[in-house]
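Worksheet: the structure to be examined is printed underneath.
Hydrogens, waters and symmetry mates are skipped; everything else that's a heavy atom, side chains included, is used. A, B, ... follow the sequence lines: proteins, then strands. Residue 1 opens every chain.
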Protein chains: 2
Amino acid sequence: MEKALSLTEENYIKAIFQIGTTPESNVSTNALADSLQTKPATVSDMIKKLSYKKLIFYEKYKGVTLSESGLKEALKIIRKHRLWEVFLVNHLNFKWDQVHEIAEQLEHIKSPELVNRLDDFLGNPTIDPHGDPIPDANGQVQLGSSKLLSEMTSHENGIIVGVKNEDPLLLQHLDKINIRLGLYIEVKEVNGFDQSMQVKLADLGTLFLSEKITSQILIAKNL
Amino acid sequence: MEKALSLTEENYIKAIFQIGTTPESNVSTNALADSLQTKPATVSDMIKKLSYKKLIFYEKYKGVTLSESGLKEALKIIRKHRLWEVFLVNHLNFKWDQVHEIAEQLEHIKSPELVNRLDDFLGNPTIDPHGDPIPDANGQVQLGSSKLLSEMTSHENGIIVGVKNEDPLLLQHLDKINIRLGLYIEVKEVNGFDQSMQVKLADLGTLFLSEKITSQILIAKNL
DNA sequence: ATTAATTTTTAGATTAGTCTAAAAATTTAA
DNA sequence: TTAAATTTTTAGACTAATCTAAAAATTAAT
Ligand SMILES: [Mn+2]
Ligand SMILES: [Mn+2]
Ligand SMILES: [Mn+2]
Ligand SMILES: [Mn+2]
C-alpha cells in the first residue's frame, strides 16, 4: 500500500499534466516553478522525490513526464476539481469566475466514495462550468474536439464550448459581454493587423474581440 | 490581517474547545495529546505558538483555555464540520457513521462564502446528523437542553435528540437496533448492579441497553 | 568552436510539525 | 510532610517543503 500523496505532491503532478500538451511531452523545471509559484531549486528537489516514487520519469536537465501511475493520479485530481466546480456553480449558485480557487482546495479531499457520490448527485456531468471535460471514475476523458476562435476566419461559425483559461478577470469580462457556453457565434471580419475580430453572437448583436480574448475561446469543430 | 491558521493549528483549537466542558475549563497537555493522537511534547510546543498568537490563554503546567478569538475560530471550524456532515447525509446519501472522517477534511476548506452558501443550500439546519447543534454565521449556538439516557430512571421517557460520540461502531450498532434521532423512548427498568436498562422504543418493542450505550444517548429535557 | 546566456542542479539554511529521552514541576500517597 | 507517581516542559534531532547563492550543464550567439 503506497502512502497517499501529500497536497504538494498532488499539485506538482497536476501541474505536470496541465503544462504538458500531450501526456508524453517533457515538462521543464522552470515551467513548473512558474506554474506552482515556487523556485526552480524547489522544483528540482520535489522532482527527485516524485521520480523516486515512480510517479514521473526524470532525467537530469531533460525535464519530466508522468508515468502511468502519475497520470492516473493527475486525472483523479482533475476529476475532483471539475466535479466540485460543477457543484459550486449548479447547486451553490457561484459564478464561473468564483469557483477555481475553492476547487483548488476541494480537489485534495481524500475519499473515493465521496467523489463517486458527488458525481452521481451532479448527474454524472461530462464537462465543468468552463467547458473542460471531466474524467470518469476510470480516468477516461471524453475529448470533444474543438478549435480556438482565433483560428477561425471570416464567415466561419460554431458553438462556444469552452474557455482555455480560468482567470476571473477574463471570465467576468466574458459575462459582461454576454459570452457563455452553448452560444452560436459567427465571425464577421478579422483585422489583418492585430487579429481582432468582429463577431455576431446568436441574436445578441455584434461585438469586437481582441486576439487576447479570441485565443481563449473554444468553438466546437463541426465534424 | 492575521495569517490564516494552519490545518494543524485549527485541529488544536477545535480539540481544546471539544475537550473543555465549558469554554472556561482548563484543558491539559495530556488530554490534548490523547485527543490529537500526538505526544505531550508536541502539544507543549504547539501550545506556546497558539498562546503567542493569542488564540489561547496559557500558564506553564496549568493547561489552556480558548481566548475570545480562539473560541471564534473553534466555532467556525465546528460549523463547517457539521454543515458538511448534513450535506453528506442529506444529499449524498451517506450513513451517519460514514461522515465524520470526511468532514474532518472538509472542515478545513477556507472560504466564508462557501460556508454561507452551503448553509443556505442545506436550508440553514440547526443540528447535524448526530444531533449536535450547528453554530450560525455569527458563532451563535442554539443549545437544546438534553440529558443522558443513562441518567434517567424507571418510567421516565423522552425523545432521542442526539448521540455524544461519533464512533462508527456505536452508530452502526444503534442503526442495527433501530435507534435513531427523533424516536420516543421509555425506560422500563434499570438494573441496579450494572446500570443496564430495559427500554421501550416507540412502537418497535423493547430492548436491553448496556450503560456503555445509554451513556452515549441524549434525550430531550421536557421542560 | 569559443563565448555568452539560460536553465538546472547542488549546497547550505530555515520553518512547521513531529519525535524520544531527560529534566523539572505538580499532584498524590504514604 | 517527605517520598513516589504523574504530568509537563525542555533539549536535541528528524522530515517535508521551502528559500538564496553558487556551481554545473545545456543552449544560443557570435
Ligand atoms: Mn478550475
Ligand atoms: Mn474548470
Ligand atoms: Mn463529526
Ligand atoms: Mn456530527
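Between C/dT10 and A/Tyr61, no contact under 4.0 Å exists linking OP1 or OP2 to a side-chain N or O. Residue A/Lys48 has a polar side-chain atom (N or O) positioned under 4.0 Å from OP1 or OP2 of C/dT10.
Rounded to whole Å, the distance from CG on A/Asp45 to C1' on C/dT15 is 15 Å. Rounded to whole angstrom, the span from the CG atom of A/Asn26 across to the C1' atom of D/dT26 amounts to 14 Å. Rounded to an integer number of Å, the gap from A/Met46 CE to D/dA16 P is 9 Å. One can place CD1 of B/Ile47 at 10 Å from C1' of D/dT9, the figure rounded to the nearest angstrom.
Using cut-offs of 30° and 60° on the angle between ring planes, the pair A/His91 and B/Phe121 is perpendicular.
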Exercise. Under the side-chain contact (heavy atoms from CB on, under 4.5 Å) criterion, do B/Asp120 and A/Asn93 qualify, and how do the steps go?
Worked result: CA-CA 11 Å; B/Asp120 287 345; A/Asn93 301 116; over 6 Å; no

Exercise. Would B/Leu122 and B/Asp119 satisfy side-chain contact (heavy atoms from CB on, under 4.5 Å), going step by step from the backbone distance to the final call?
Worked result: CA-CA 5 Å; B/Leu122 298 172; B/Asp119 191 16; 5.5 Å; no

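DNA chain C lies under 4.0 Å from at least one heavy atom of each of the following residues of residues 29-41 of chain B: B/Thr38, B/Lys39, B/Ala41.
A residue-by-residue look at A/Lys60 and A/Glu9 shows that A/Glu9 has its nearest nucleotide of DNA chain D further toward the 5' end.
For B/Asp136, the side chain to side chain contact (heavy atoms under 4.5 Å, CB included) partners are B/Asn138, B/Gln140, not counting sequence neighbours.
No contact: B/Lys62 has no heavy atom under 4.0 Å from any strand. Looking at heavy-atom distances under 4.0 Å, A/Ser44 makes contact with a base.
B/His100 and B/His81 form a side-chain donor-acceptor contact under 3.5 Å, judged by distance and modelled atom types alone.
Between B/Glu151 and B/Lys221 there is no salt bridge, since no side-chain nitrogen of the basic residue lies less than 4.0 Å from a carboxylate oxygen of the acidic one.
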